[in-house]
Protein chains: 2
Amino acid sequence: MPLIERLPKKQRHQQLLKIIEENPFVTDRELTRELKVSIQTIRLDRMELGIPELRERMKQMAEHSYDQVRSLPLDEVVGDVVDLQLDKSGISIFEIREEHVFSRTHIARGHYVFAQANSLAVALINDEIALTASADIRFLRQVHLGEKCIAKAYVRSMNGHRGKAKVEVFTYVGEEMVFQGNFVIYRSTGEDHIEGGM
Amino acid sequence: MPLIERLPKKQRHQQLLKIIEENPFVTDRELTRELKVSIQTIRLDRMELGIPELRERMKQMAEHSYDQVRSLPLDEVVGDVVDLQLDKSGISIFEIREEHVFSRTHIARGHYVFAQANSLAVALINDEIALTASADIRFLRQVHLGEKCIAKAYVRSMNGHRGKAKVEVFTYVGEEMVFQGNFVIYRSTGEDHIEGGM
DNA sequence: TACTGTTTTAGTACCAGGTTCTAAAATGAT
DNA sequence: ATCATTTTAGAACCTGGTACTAAAACAGTA
């Protein structure tokens with residue numbers, strides 16, 4: 001019943017964790033050379049520590065990166081436009097999914113909520129070119145994974161058929177307002193150059 | 001010497017490429033079921049097409065993502081952070097590609113430019129939780145396909161270790177400033193609830 | 001010293017998901 | 001019918017393991 005001097009094993013476990021953390025592509029055989037123990041010991045250690053085999057580790061990394069690549073696009077129009085009266089008002093719905101949140105907190109990244117509002121504001125303007133010139137935005141409460149954001153946009157003013165339009169957007173989750181923004185959108189029928197905007 | 005009607009094979013190759021592209025985690029055996037040919041045929045096809053085996057594909061994906069994660073543990077950021085002094089300043093680079101522009105005009109959608117700035121502002125704050133509370137932004141000129149946006153962010157004020165931080169971001173293409181934004185970021189060490197923000 | 005419990009090592013059988021190679025069968029065009 | 005291409009079959013072998021059994025080495029203690 002060895003009660004003292006049991007460090008070597010725990011120590012080896014620490015080393016093992018460290019080695020695998022800084023090089024997850026190491027095989028058990030390579031580990032035997034670094035830790036000077038038999039391959040069976042390495043495998044027992046991995047079991048005790050719950051570290052999967054090399055192939056499983058690679059698979060997990062590959063799947064993880066695949067998910068990320070999939071999730072990237074802040075696509076064309078973010079959110080589904082369910083109602084649109086050009087130059088007047090519009091509504092879009094956007095569900096917060098895994099790829100839109102900070103993984104640690106499950107709170108949506110601000111730029112997705114912004115993107116939904118911005119896309120809707122731009123879509124509302126019935127012109128060949130409509131670009132955001134400026135915006136004043138406020139995130140009123142965090143939006144969490146799984147919540148549905150309903151953005152409502154209203155055109156507040158129009159300057160003839162060229163120049164700026166003001167669009168106000170309110171985004172709700174249920175009854176609660178989570179985001180509010182005032183957008184200034186440049187608009188143009190297309191023939192001439194405009195000096196600012198997106 | 002079959003010269004005409006050689007399509008079935010080429011056709012199968014096209015299908016194979018497509019299937020593997022949309023699910024790189026498919027095994028040869030699974031492919032036999034989808035393509036109704038023997039496993040040897042699948043393997044010949046992969047050889048001709050230069051497609052590596054499943055494990056090799058996973059390994060490559062894992063290595064790729066590992067390299068990315070290594071270079072910047074800030075995979076939650078849109079744009080590559082090339083310089084970061086926490087709580088002080090940071091720089092990120094983001095190249096406008098096909099998927100970021102309006103297809104008709106080749107002008108970048110505003111929310112991508114915003115996302116780069118927002119992500120950088122959030123990354124700058126050295127706290128467990130950092131969420132955008134509000135922002136005042138201005139798009140100064142259109143950004144076009146292929147242009148590189150260089151965002152520079154500076155922390156302007158900090159309120160102790162909880163509360164708001166003000167971050168100013170300037171985005172340039174070459175010498176020209178294309179975007180400017182003032183962000184208010186909520187920060188918290190994590191233990192308690194905050195009433196607004198992203 | 002002998003006994004006991006832990007830790008380490010050894011060895012075998014087996015697995016997935018292949019590669020490599022040889023060879024036979026099916027298909028199609030002339 | 002013949003000949004090239006294409007497809008299928010099968011066996012041997014590979015990596016990097018798992019699962020299991022069993023022996024050896026080590027440590028502490030009665």
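Keep in mind the model is a prediction, meaning the values are calculated, not measured. Sequence lines set the chain letters: A, B, ... in the order given, protein chains first and strands last, and positions in each chain run from 1.
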Taking the side chain of [X] as its heavy atoms from C-beta onward, which of [options] lies nearest to it?
X        : options                   : answer
Ser38(B) : dG11(C), dT8(D), dT19(C)  : dT8(D)
Met47(B) : dT20(C), dG11(C), dG18(C) : dT20(C)
Thr27(A) : dT8(D), dT9(C), dG16(D)   : dG16(D)
Val37(A) : dT18(D), dT8(D), dT9(C)   : dT9(C)
Lys9(B)  : dT8(D), dG17(D), dT6(D)   : dT6(D)
Gln40(B) : dT7(D), dT8(D), dG18(C)   : dT8(D)

Exercise: do Gln116(A) and Ser92(A) side chains pair donor with acceptor under 3.5 Å: yes
Within 6.0 Å of CZ in Arg156(B), more than 12 heavy atoms from elsewhere: yes
Check the distance between [N]'s [atom2] and [X]'s [atom1] and give it to me in whole angstrom.
X        : N       : atom1 : atom2 : answer
Met58(B) : dA16(C) : CE    : P     : 14 Å
Leu54(B) : dG16(D) : CG    : C1'   : 14 Å
Asp28(B) : dG18(C) : CG    : P     : 4 Å
Phe25(A) : dG17(D) : CZ    : C1'   : 17 Å
Lys10(B) : dG28(C) : NZ    : C1'   : 17 Å
Glu53(A) : dT18(D) : CD    : C1'   : 8 Å
Ile42(A) : dT18(D) : CD1   : C1'   : 16 Å
Asp45(A) : dT6(C)  : CG    : C1'   : 14 Å

Sugar-phosphate, base or nothing in reach of Arg57(A), heavy atoms under 4.0 Å: nothing
Sugar-phosphate, base or nothing in reach of Ile39(B), heavy atoms under 4.0 Å: nothing
Give a yes/no answer on whether the side chain of [X] brings an N or O atom under 4.0 Å of OP1 or OP2 in [N].
X        : N       : result
Arg55(B) : dG17(D) : no
Arg43(A) : dT9(C)  : no
Arg29(A) : dG17(D) : no
Thr41(B) : dT7(D)  : no

Side chain Ser89(A), main chain Gln85(A), donor-acceptor under 3.5 Å: no
Any donor-acceptor N/O pair, Arg138(A) side chain to Ala133(B) backbone, under 3.5 Å: no
Salt-bridge contact Lys9(A)-Glu48(A) (side-chain N to carboxylate O under 4.0 Å): yes
